[in-house]
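Just so it is clear, the model here is predicted, and its values are computed rather than measured. In what follows, chains are A, B, ... by sequence order, proteins preceding strands, each numbered from 1.
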2 protein chains.
Amino acid sequence: MHISTKCSIAIHCLIFISEYGEKRKVTSELLSLSTGTNPVTIRNIISALKKEGILSVKFGTGGTKLNCPLNEITLYRICNALEPNFLTKLIGIHSMPSPLCPVGKNIHSVLNTSYAKIHEDLRSSLQSISMKEIMDNYNHL
Amino acid sequence: MHISTKCSIAIHCLIFISEYGEKRKVTSELLSLSTGTNPVTIRNIISALKKEGILSVKFGTGGTKLNCPLNEITLYRICNALEPNFLTKLIGIHSMPSPLCPVGKNIHSVLNTSYAKIHEDLRSSLQSISMKEIMDNYNHL
DNA sequence: CCTCCTGTAAATTTTAATCTTACATCTAAT
DNA sequence: ATTAGATGTAAGATTAAAATTTACAGGAGG
């Protein structure tokens with residue numbers, strides 16, 4: 001399973017909210033126009049970020065605001081909010097190796113050991129980048 | 001785009017070839033049985049690994065042998081053989097942000113900068129694991 | 001009480017991955 | 001040389017995953 005475009009859309013939304021969330025009412029309709037994605041997808045993404053405590057949404061009347069400092073919003077947190085346990089789904093494993101073959105019998109165990117290290121490395125990589133760096137990048141473009 | 005199960009199947013095949021490639025004729029049919037994948041997929045994977053110089057295939061009569069030392073066969077090399085530039089396809093980016101919006105106009109550039117670091121980190125992670133470690137792991141199971 | 005918004009669910013469409021079928025070609029053994 | 005058992009690919013069919021669309025129940029605030 002891959003890291004979907006939802007991650008990119010989420011970052012897009014967070015930049016937008018960080019820039020405009022205090023000044024005007026940021027609705028899913030507005031984010032939909034800016035990202036070029038349909039409003040339901042936006043609402044699902046925003047909903048996931050809300051559950052993670054990253055932002056808050058004004059119910060009923062609409063509008064979105066960030067809920068914690070930029071440096072605490074890491075890419076890891078975003079990805080995990082969008083898809084829990086996304087790391088374990090990163091590299092697909094074939095499901096039907098032959099149990100009669102010495103290799104087939106043990107392949108899952110071998111792969112899991114090796115992949116665990118990759119998951120760890122990717123996790124720290126994603127934790128090392130937060131919306132703070134991304135906003136800095138955006139502002140100095 | 002994700003790292004597909006082809007990577008796991010490739011590792012499975014390489015373990016099998018490493019164990020049995022010298023003793024018996026390892027055909028796509030045999031690998032197909034061991035992995036539980038159809039022979040055409042196996043042949044495509046083996047073909048990609050061959051182009052990378054990782055193994056060699058005896059044409060006509062069949063049979064596969066490793067072509068270089070285990071420690072030179074890194075996961076990065078395997079993934080790249082299976083799908084060139086797989087890193088740039090790892091995290092999807094939404095294709096239609098609004099060019100009228102300040103965020104939409106610049107999002108691709110911002111994302112590419114941030115994602116480049118992740119690609120680098122993942123690359124070194126994948127380069128740090130080779131078939132040598134995997135075979136050691138397999139043998140000490 | 002009316003309008004604009006959110007939160008979800010369900011069905012449809014689109015896209016990507018995988019499997020199947022088919023066949024040309026090659027090698028070694030008989 | 002003929003044949004049996006392989007590889008290498010191309011195309012089409014099937015399956016599975018993502019994304020979009022449609023629909024609607026509910027809240028907030030003028």
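- Of the possible polar contacts, one joining the Ser32(A) side chain to the Thr37(A) backbone as a donor-acceptor pair under 3.5 Å is found.
- At dA6(D), none of the side-chain N or O atoms of Thr27(B) fall inside 4.0 Å of OP1 or OP2 (strictly under the cut-off).
- Among the heavy atoms of the strands lying under 4.0 Å from Gly62(A) are primed sugar atoms or P, OP1, OP2 only; no base atom is included.
- Mapping Val40(B) and Val26(B) onto DNA chain D via the closest heavy atom, the residue that lands nearer the 5' end is Val26(B).
- Close to dT18(C), at under 4.0 Å from its OP1 or OP2, lies a side-chain N or O of Thr5(B).
- To the nearest 0.5 Å, atom OG1 of residue Thr35(A) and atom CD1 of residue Ile42(A) are 3.5 Å apart.
- Looking at Asn139(B) and Glu19(B), their side chains come closer than 4.5 Å, going by heavy atoms from C-beta outward.
- For Asn44(A), counting side-chain heavy atoms from C-beta on, the closest listed nucleotide (dA28(C), dG7(C), dT8(C)) is dT8(C).
- Phosphate contact (OP1/OP2 of dG27(D), side-chain N/O of Lys58(A), threshold under 4.0 Å): absent.
- Taking atom CD1 on Ile42(B) and atom C1' on dT9(D), their separation rounds to 16 Å, with Å as the unit.
- In this model, the phosphate group of dG5(D) is not approached by any side-chain N or O of Thr61(B) to a distance below 4.0 Å at OP1 or OP2.
- Between the CD1 atom of Ile91(A) and the P atom of dA17(C) there is a distance of 15 Å, given to the nearest Å.
- Regarding Lys50(B), its NZ atom lies at a distance of 12 Å from the C1' atom of dC26(C), rounded to whole Å.
- Residue order along DNA chain C, read from the 5' end via each residue's closest nucleotide, puts Val57(A) first among Gly36(B) and Val57(A).
- For Phe59(A), the side-chain atoms get nearest to dG7(C) when compared with the rest of dG7(C), dA19(D), dT20(D).
- The two atoms that bring Arg77(B) and Glu72(B) nearest to each other are NH1-O, 2.8 Å, heavy atoms only.
- Between the CG atom of Leu49(A) and the P atom of dT6(C) there is a distance of 14 Å, given to the nearest Å.
- The CD1 atom of Ile93(A) sits 13 Å away from the P atom of dT18(C) (whole-angstrom rounding).
- Between Arg43(A) atom CZ and dT20(D) atom P the separation is 13 Å, expressed in whole Å.
- Here the P atom of nucleotide dT12(C) and the CG atom of Asn38(A) are 17 Å apart, to the nearest Å.
- At the heavy-atom level, Ser47(B) lies under 4.0 Å from the strands shown only through sugar-phosphate atoms.
- With rounding to whole Å, Ile46(B) atom CD1 is found 11 Å from dT7(D) atom C1'.
- For the OP1/OP2 pair of dT7(D) and a distance below 4.0 Å, the side-chain nitrogens and oxygens of Ser28(B) include at least one atom meeting the criterion.
- A pairwise comparison of heavy atoms in Thr5(A) and Ile93(B) identifies CG2-N, 3.7 Å as the closest pair.
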